[in-house]
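Quick notes on the structure that follows.
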2 protein chains.
Amino acid sequence: MTKRPTLADVAALAGMSKTAVSLVLNDRPGSRLSADAVARIHEAARELNYRPNPAARSLRLGTTGTIGFISDEVTITRFASAMIRGLLDVADERDQGVLIAETGNHPKQLAKALEFMIDRQVDGIVFGSMAARLLDLPPLPESMRVVTANCASNAGDGTYASVLPAEHEAGRAMMRLLLEHGHGEGIGIIGSAPSAPADRRSSVTIGARFAGIDEALAEAGATPVAVVDVGSWEPWNGYAGTKQVLESGAPVTALLCLNDRVAFGAHQALGEHGLRVPDDVSIASFDDDEIASYLRPALTTARLPYEEMGRKAMELVLGPDEPGGEHLVEMPVQVRGSIRPLDRSSS
Amino acid sequence: MTKRPTLADVAALAGMSKTAVSLVLNDRPGSRLSADAVARIHEAARELNYRPNPAARSLRLGTTGTIGFISDEVTITRFASAMIRGLLDVADERDQGVLIAETGNHPKQLAKALEFMIDRQVDGIVFGSMAARLLDLPPLPESMRVVTANCASNAGDGTYASVLPAEHEAGRAMMRLLLEHGHGEGIGIIGSAPSAPADRRSSVTIGARFAGIDEALAEAGATPVAVVDVGSWEPWNGYAGTKQVLESGAPVTALLCLNDRVAFGAHQALGEHGLRVPDDVSIASFDDDEIASYLRPALTTARLPYEEMGRKAMELVLGPDEPGGEHLVEMPVQVRGSIRPLDRSSS
DNA sequence: CGTCAGTGCTAAAACCTTTCAGCCCCGAAG
DNA sequence: CTTCGGGGCTGAAAGGTTTTAGCACTGACG
C-alpha cells in the first residue's frame with residue numbers, strides 16, 4: 001500500500017497527457033481523441049485502479065457530490081428515523097454522499113451546522129424536522145439548493161421547496177372511515193385541537209388534519225359526542241383523557257386518537273374499564289408508529305410517510321430543476337383490526 | 001454576495017504574506033511573528049469573515065475533519081438510532097463532520113460505502129450494527145482508524161477496537177434482582193436461548209447475557225420453573241410463549257423476558273389470563289425500548305446503552321491514541337414498577 | 001571587522017484536478 | 001504555392017491551503 005495513483009500516474013502509464021486522461025475519463029463531449037488513445041487510457045486507469053481525488057476535484061469545481069441533512073432531531077430520535085432511510089436510499093442510487101448534523105432546536109447549533117455545510121460546499125441542503133414546524137432559516141447563499149422535509153421555512157416567498165404529509169386528506173379519510181362504519185352517533189376525539197390554528201410555528205400541518213376531520217363530519221352532518229384536549233400526545237395523557245371520557249358517561253362507540261401513542265393510552269384505559277377493542281369500542285389514529293402493530297388488535301392508522309418524504313426531498317434537491325413549491329405526500333391508511341362496523345341493533 | 005474571501009485576501013488586507021496568515025491563524029508553535037502582525041492578521045480575518053476552504057486544506061493535508069459512519073441499519077431503523085445521537089454529540093463537540101452510509105447488510109453495499117469513505121479521505125470509520133453481530137470487513141488502509149460499535153469484526157487479531165454492551169453483568173444483575181425479591185421458586189424465562197453459543201456471527205453478546213443469567217441462578221442454587229424458546233423476539237412471540245407457560249400450569253411468580261418487545265407480549269398474555277403486573281406476576285426484561293415506559297406499570301429493564309456506545313466509539317476514533325481492544329459499556333438497570341417482592345405468605 | 005545567532009518575515013513548491021488556449025500536422029481548397 | 005480548417009493532442013494555469021527553505025536585518029561576541 002504505497003500511495004493512491006493520481007491522474008499523472010495514469011497519464012504516464014498510458015503515454016498521454018493529464019489533459020487527455022481527464023477528458024477521456026469524464027468523457028467530455030467534443031474532445032476528439034483517437035479510439036486507440038481512449039482504449040489505452042481506460043486500460044491504464046483500470047490497471048492502476050485509479051479513483052479521482054474528490055478533494056482536488058472539489059477545489060477545482062466548487063462542487064462536492066454531497067448533500068447536507070440538517071434536522072432538529074430526526075436522526076437522533078426514533079420517531080422519524082425512516083426519513084433518513086428515504087434520503088439515503090435516493091442518495092445512494094445517485095452516488096451522492098450525505099453529511100448530517102442535528103441542531104436539537106438550538107438556533108446556535110443551526111447556525112453552526114449551516115456554516116459547516118456551506119464551508120464544505122455541499123451541493124444542497126435538506127432540512128428535516130420531527131414535528132412539522134416552521135423553521136427559522138438564516139439567509140443562505142443564492143446558489144444553494146434547499147428543500148425542507150416535514151416542515152416549512154420562514155421564507156414566505158416560496159423560495160424553498162417543502163415536502164409535507166397530506167394531512168387534510170388523511171384527517172378526512174380517517175373520519176370518513178369511522179362514519180362509514182356506522183359510528184356517526186358515538187365518536188370521541190382524543191387529542192388537543194391546535195390551540196391557535198394560525199400558529200404555523202408550532203405545527204404547519206396539524207391544522208390541516210383537523211380541517212379534514214371537520215370537513216368529513218360536516219359532510220355527514222355528524223357531531224362528536226366527546227372531544228377531549230389532552231395536552232401533549234403521550235400515552236399517559238391518552239390514558240387519562242380516555243378515562244375522563246368514559247367516566248363522563250358519553251356514549252362512545254369509536255375513538256379517533258390524534259396519534260398512536262395517545263391511542264395506546266386509550267387502549268389501556270378501555271381495557272381497565274372492561275371494554276374490548278373493537279367489539280365495544282373502535283379505535284382509529286394517526287402516525288403508524290411502531291406500537292400500532294404491537295397492540296392487540298393492531299391499530300388502524302394513517303401513516304406519516306417519513307420514508308417517502310425523505311425520498312421526495314432528496315429527489316427534489318438532486319433533481320434537474322431548481323426545487324420549489326409545496327409537495328404533499330399521501331398518508332396511506334393502514335387498515336388493521338381496531339375498527340369494526342357498528343351493530344345496528346345496539347343503536 | 002461575491003466570492004468567499006481566501007487566505008490571499010486576508011494577507012493583502014493585513015499587508016502580510018499568505019505564509020504569515022496561515023501561520024498565525026493555525027497558531028503554529030515556533031513561528032515568531034511580531035505581536036503587531038498577529039493582531040493585524042486576526043483583525044483582517046475577522047473583518048473579511050474569513051473561513052478556510054476545507055477542500056483546499058484536505059488536498060494539502062490529506063485529512064478532512066470528517067468521520068464516516070457505516071452501519072447495517074442503525075440510522076435507518078428506530079431501535080438503535082440513539083447510537084447516532086451519541087456519535088453526533090461527540091463529533092459536534094470536537095467540530096468534526098459525520099458522513100453516513102447504510103449497507104442493509106449487503107456486502108456489495110458495504111464495499112461501495114467503504115470505497116466512498118476512503119475516497120473522501122475520512123479520518124476514521126465507525127462501524128455500527130443493530131444486532132451485535134460479527135462483521136465481515138474487507139482489508140482497510142493501514143492508517144485508517146476503525147472502531148466497531150455494538151458489533152465485532154472478523155479481524156481476529158484485535159486490530160480494531162470494539163464497543164459492546166456489558167451483557168454478562170446485565171444478565172447477572174437482572175436475575176439477581178428477581179432472586180433478591182424472593183422469586184427463586186417461580187421464575188420463568190421467555191426468549192430463546194442462543195441456538196449455538198459459539199455462533200458469534202449471529203450475536204456476539206447474547207451468549208454473555210445468558211451466561212450472566214445462569215451464573216446468578218447457580219450462585220443462588222435456583223432453577224427456573226419454565227424456560228420457553230419463542231424464536232424471534234417480537235411481541236406476538238412473547239405473547240404466545242407466555243400463554244404457553246401459563247397454560248402449562250407452571251407456578252410462575254416472575255418472568256424474565258429477553259427483551260422489552262417480548263415483555264410487551266407477555267404483559268398482554270398475563271392480562272388476558274386475569275393476572276396483574278406486578279401483584280400476581282413480576283416482569284423484568286432487557287433493552288429499555290420505547291415501549292418499556294409506556295406499559296402500566298412501566299417495565300423494569302436493563303438498558304441497551306446505544307447512546308453511550310455511540311459516544312464511546314466516536315471518542316475512541318477521535319481520541320489521541322490508536323484505538324484498540326474491547327470496551328464494555330455498562331447496561332444500567334432501569335428500576336420501574338413491574339417487579340415487587342414476593343409475599344412470603346403465598347409460598 | 002568578521003562571524004554568528006536570533007528575529008521577523010516571505011517565495012515558491014506541493015497537493016490533484018479541470019480547462020483554456022494553442023500547437024503541429026495533413027489534406028483540401030483557392 | 002499559400003491558406004485554411006480540422007483532427008489529435010498537450011502545456012500551463014487555476015483553485016486555496018500548508019510548509020520548507022531561506023532571505024535580510026540586527027546586535028553581540030570574538
Side-chain angles (χ1 to χ4, degrees), chain A residues 2-42 44-45 48-66 118-123 143, chain B residues 2-42 44-45 48-66 95 118-123 141 143:
Chain A
T2 57
K3 211 179 47 84
R4 271 177 82 99
T6 76
L7 203 61
D9 298 331
V10 178
L13 181 57
M16 308 255 16
S17 70
K18 290 190 299 172
T19 305
V21 176
S22 175
L23 256 27
V24 168
L25 260 28
N26 299 323
D27 58 337
R28 219 67 199 311
S31 59
R32 13 342 106 89
L33 296 193
S34 65
D36 176 58
V38 171
R40 277 211 319 284
I41 288 173
H42 274 129
L48 293 178
N49 191 20
Y50 168 72
R51 323 209 70 235
N53 177 328
R57 186 176 249 163
S58 296
L59 182 56
R60 184 72 234 262
L61 262 26
T63 229
T64 52
T66 303
I118 293 173
D119 282 355
R120 308 265 160 150
Q121 302 178 85
V122 295
D123 298 337
S143 62
Chain B
T2 56
K3 212 179 49 80
R4 272 176 83 99
T6 76
L7 203 61
D9 299 329
V10 178
L13 181 58
M16 307 256 14
S17 70
K18 292 190 299 174
T19 306
V21 176
S22 174
L23 256 26
V24 168
L25 261 29
N26 299 322
D27 59 335
R28 221 62 201 311
S31 59
R32 341 41 64 99
L33 295 194
S34 65
D36 175 60
V38 171
R40 278 213 317 284
I41 288 173
H42 274 130
L48 292 178
N49 191 20
Y50 168 72
R51 323 209 70 238
N53 177 328
R57 188 175 247 164
S58 296
L59 182 57
R60 183 71 235 260
L61 262 26
T63 229
T64 51
T66 302
D95 291 308
I118 292 173
D119 282 354
R120 307 268 160 147
Q121 300 178 88
V122 296
D123 299 337
S143 63

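Each chain gets a letter, A, B and so on, in the order the sequences are listed, and its residues count up from 1.
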| request: Check whether any side-chain nitrogen or oxygen of A:Arg32 sits under 4.0 Å from OP1 or OP2 of D:dG7, and answer yes or no. | output: yes
| query | Under 4.0 Å between a side-chain N/O of A:Ser22 and OP1 or OP2 of C:dT18, yes or no? | reply | yes
| said: Measuring only between side-chain heavy atoms, which start at C-beta, is A:Ser22 closer than 4.5 Å to A:Leu7? | reply: yes
| task | For B:Ala56 and for B:Arg40, locate the closest nucleotide of DNA chain C by heavy-atom distance; then report the residue assigned to the nucleotide nearer the 5' terminus. | result | B:Arg40
| said: With a 4.0 Å limit, can you tell me whether B:Asn53 has a side-chain N or O closer than that to the phosphate oxygens OP1/OP2 of D:dG15? | reply: no
| task | Starting from P on C:dC20, measure out to CG on A:Leu23 and report it in whole angstrom. | result | 10 Å
| field | Donor-acceptor pair between B:Asn53 and A:Arg120 side chains, under 3.5 angstrom | value | no
| Phosphate oxygens OP1/OP2 of D:dT19: is one of them under 4.0 Å from a side-chain N or O of B:Thr19? | no
| remark: Taken to the nearest whole Å, CG/B:Asn26 to C1'/D:dT19 is 11 Å
| note | The nucleotide from C:dC9, C:dT18, D:dG11 with an atom nearest the side chain of A:Ser17 is D:dG11
| note | A:Leu48 atom CG is separated from C:dC16 atom C1', nearest whole Å, by 15 Å
| Side-chain contact, heavy-atom cut-off 4.5 Å: B:Met16 with B:Ile41? | yes
| said: Need one value for B:Ala37: base, sugar-phosphate or nothing, where a base atom within 4.0 Å counts as base even if backbone is also close, heavy atoms only. | reply: sugar-phosphate
| field | B:Ala14 backbone acceptor or donor facing B:Arg40 side chain under 3.5 Å | value | yes
| task | For B:Lys3 and D:dA14, give me the distance from atom NZ to atom P, rounded to whole Å. | result | 13 Å
| request: Measure from CZ on B:Arg120 to P on C:dC16 and round the result to the nearest Å. | output: 17 Å
| said: Between A:Asp27 (side chain only) and A:Val24 (backbone N and O only), is there a donor and an acceptor less than 3.5 Å apart? | reply: no
| From the list D:dG8, D:dG15, C:dT18, which nucleotide is the closest neighbour of the side chain of A:Leu59? | D:dG15
| message | Distance check needed: D:dA14 P versus B:Arg4 CZ, whole Å only. | response | 21 Å
| query | Looking at A:Arg28, does any N or O in its side chain come under 4.0 Å of the phosphate oxygens OP1/OP2 on C:dT19? | reply | yes
| request: Determine the contact category for A:Leu7: base if any of its heavy atoms lies under 4.0 Å from a base atom, sugar-phosphate if only primed atoms, P, OP1 or OP2 are that close, otherwise nothing. | output: base
| Starting at CG of A:Leu33 and ending at C1' of D:dG6, how long is that distance when rounded to a whole Å? | 14 Å
| request: Round to the nearest Å and state the distance from A:Leu25 atom CG to D:dC9 atom P. | output: 15 Å
| Where the side chain of A:Met16 is concerned, which of D:dG16, C:dT17, D:dC9 is the nearest nucleotide? | D:dC9
| message | If you compare every side-chain N and O of A:Tyr50 against the phosphate oxygens of C:dC16 (OP1, OP2), does one of them come in below 4.0 Å? | response | no
